[in-house]
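All ligand and atom numbering here is 1-based and tracks the order in the structure.
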Amino acid sequence: MDMFGAGTDTPLQILEWAMTELLRHPNVMLKLQVEDMFGAGTDTTLAVLEWAMTKLLRHPNVMQKLQVEVRSMARDKTHITEEDLSGMSYLKAVIKEILRLHPPSPILIPRESMQDTKVMGYDIAIGTQVLVNAWAISAHPSYWDKPLEFQPQRFLRSWIDIKGHDLELVPFGAGKRGCPGIVFAMVVNELVLANIVHQFDWTVPGGVVGEQTLCMSETTGLTVHRKLPLVALASPYM
Ligand code: HEM
């Protein structure tokens with residue numbers, strides 16, 4: 001009992017004092033919030049790009065199709081800018097397919113039910129911690145044809161989007177606590193991927209191609225990365 005009291009009271013007191021001090025020092029609160037935003041925004045974007053390059057190296061036909069689109073839109077420009085992105089529908093489809101198969105946070109941020117409710121026949125009591133498995137939803141055979149296959153073209157003929165309106169695909173969550181960085185994140189993902197596949201041709205050391213090329217083991221954690229670092233060779237295209 002004593003152990004329980006000591007174990008629960010102390011963190012509560014620390015949190016209480018931390019919040020008190022943060023409310024008394026808005027500059028510190030702001031710094032903390034900015035750092036949080038920085039963390040939420042950089043690690044997730046890195047994961048998307050890492051998985052995107054992995055999949056493209058394992059599927060050279062997709063890489064080639066993407067390079068044809070990006071290079072034809074870029075014409076003789078070295079750098080792709082934000083204005084060039086709107087016509088790149090295959091690029092957008094590739095990124096959506098990556099977010100479907102490798103959502104950076106496969107289990108969304110834990111949330112707490114604010115009232116008694118019922119979801120699909122299950123009673124969820126007020127105060128219940130709820131974990132949404134975004135990966136399980138986006139790889140579910142009831143919603144997706146050949147769900148485990150990397151097929152970016154599925155998004156060329158689908159109305160499903162990643163903005164939280166279509167609950168078959170929620171890599172950014174949904175509702176009022178959904179990711180506020182979604183528009184920024186998508187532009188960064190598209191811009192970086194477009195530029196690296198435009199400016200370089202990519203191979204894996206040893207010249208191996210195909211689905212067995214790269215180890216697909218994952219780390220565990222809030223954001224899921226490749227377990228082994230991605231090593232690829234870049235040859236300048238331009
Ligand atoms: C590919 C990139 C990103 C992915 C996949 C992603 C995904 C997510 C997810 C799943 C959540 C939780 C949503 C929920 O529980 O319903 C979240 C929350 C959040 N994200 Fe992102 N995010 C990304 C980029 C960014 C960027 C670029 C920023 C800021 C510039 C950002 C800032 C935040 C913040 C502040 C929250 C907490 C929102 C809240 O609790 O009200 N994220 N993000």
Quiz item: Quick one: does ligand 1 sit under 4.0 Å from the side chain of Phe172, the backbone, both or neither, non-hydrogen atoms only?
Solution: both
Exercise. Starting from Leu148, walk the hydrophobic network (Ile, Leu, Val, Met, Phe, Trp, Tyr; side-chain heavy atoms closer than 4.5 Å) and list everyone else you reach, by chain and number.
Key: Trp135
Quiz item: Are side-chain N/O atoms of His140 and Glu168 paired as donor and acceptor at under 3.5 Å?
Solution: no
Quiz item: Would you say the side chains of His225 and Glu50 form a donor-acceptor pair under 3.5 Å?
Solution: yes
What are the atoms of ligand 1, with element, lying closer than 4.0 Å to any heavy atom of [X]?
| X | result |
| --- | --- |
| Ile109 | 12 (C), 15 (O), 18 (C) |
| Pro180 | 19 (C), 20 (N), 33 (C), 34 (C), 35 (C), 36 (C), 38 (C) |
| Asn189 | 1 (C) |
| Leu108 | 10 (C) |

Practice problem: Hey, could you give me each pair passing salt bridge (charged side-chain N to carboxylate O under 4.0 Å, His left out) that has a residue in residues 108-128? Not counting sequence neighbours. | Solution: Lys118-Asp123
Practice problem: Please say whether Thr45 places an N or O atom under 3.5 Å from an N or O atom belonging to ligand 1. | Solution: no
Quiz prompt | Candidate with minimal heavy-atom separation from atom 2 (C) of ligand 1, of Val48, Leu49, Thr44, Thr42 | solution = Thr44
Quiz item: To which of Pro110, Pro171, Ser105 does the heavy atom nearest atom 7 (C) of ligand 1 belong?
Solution: Pro171
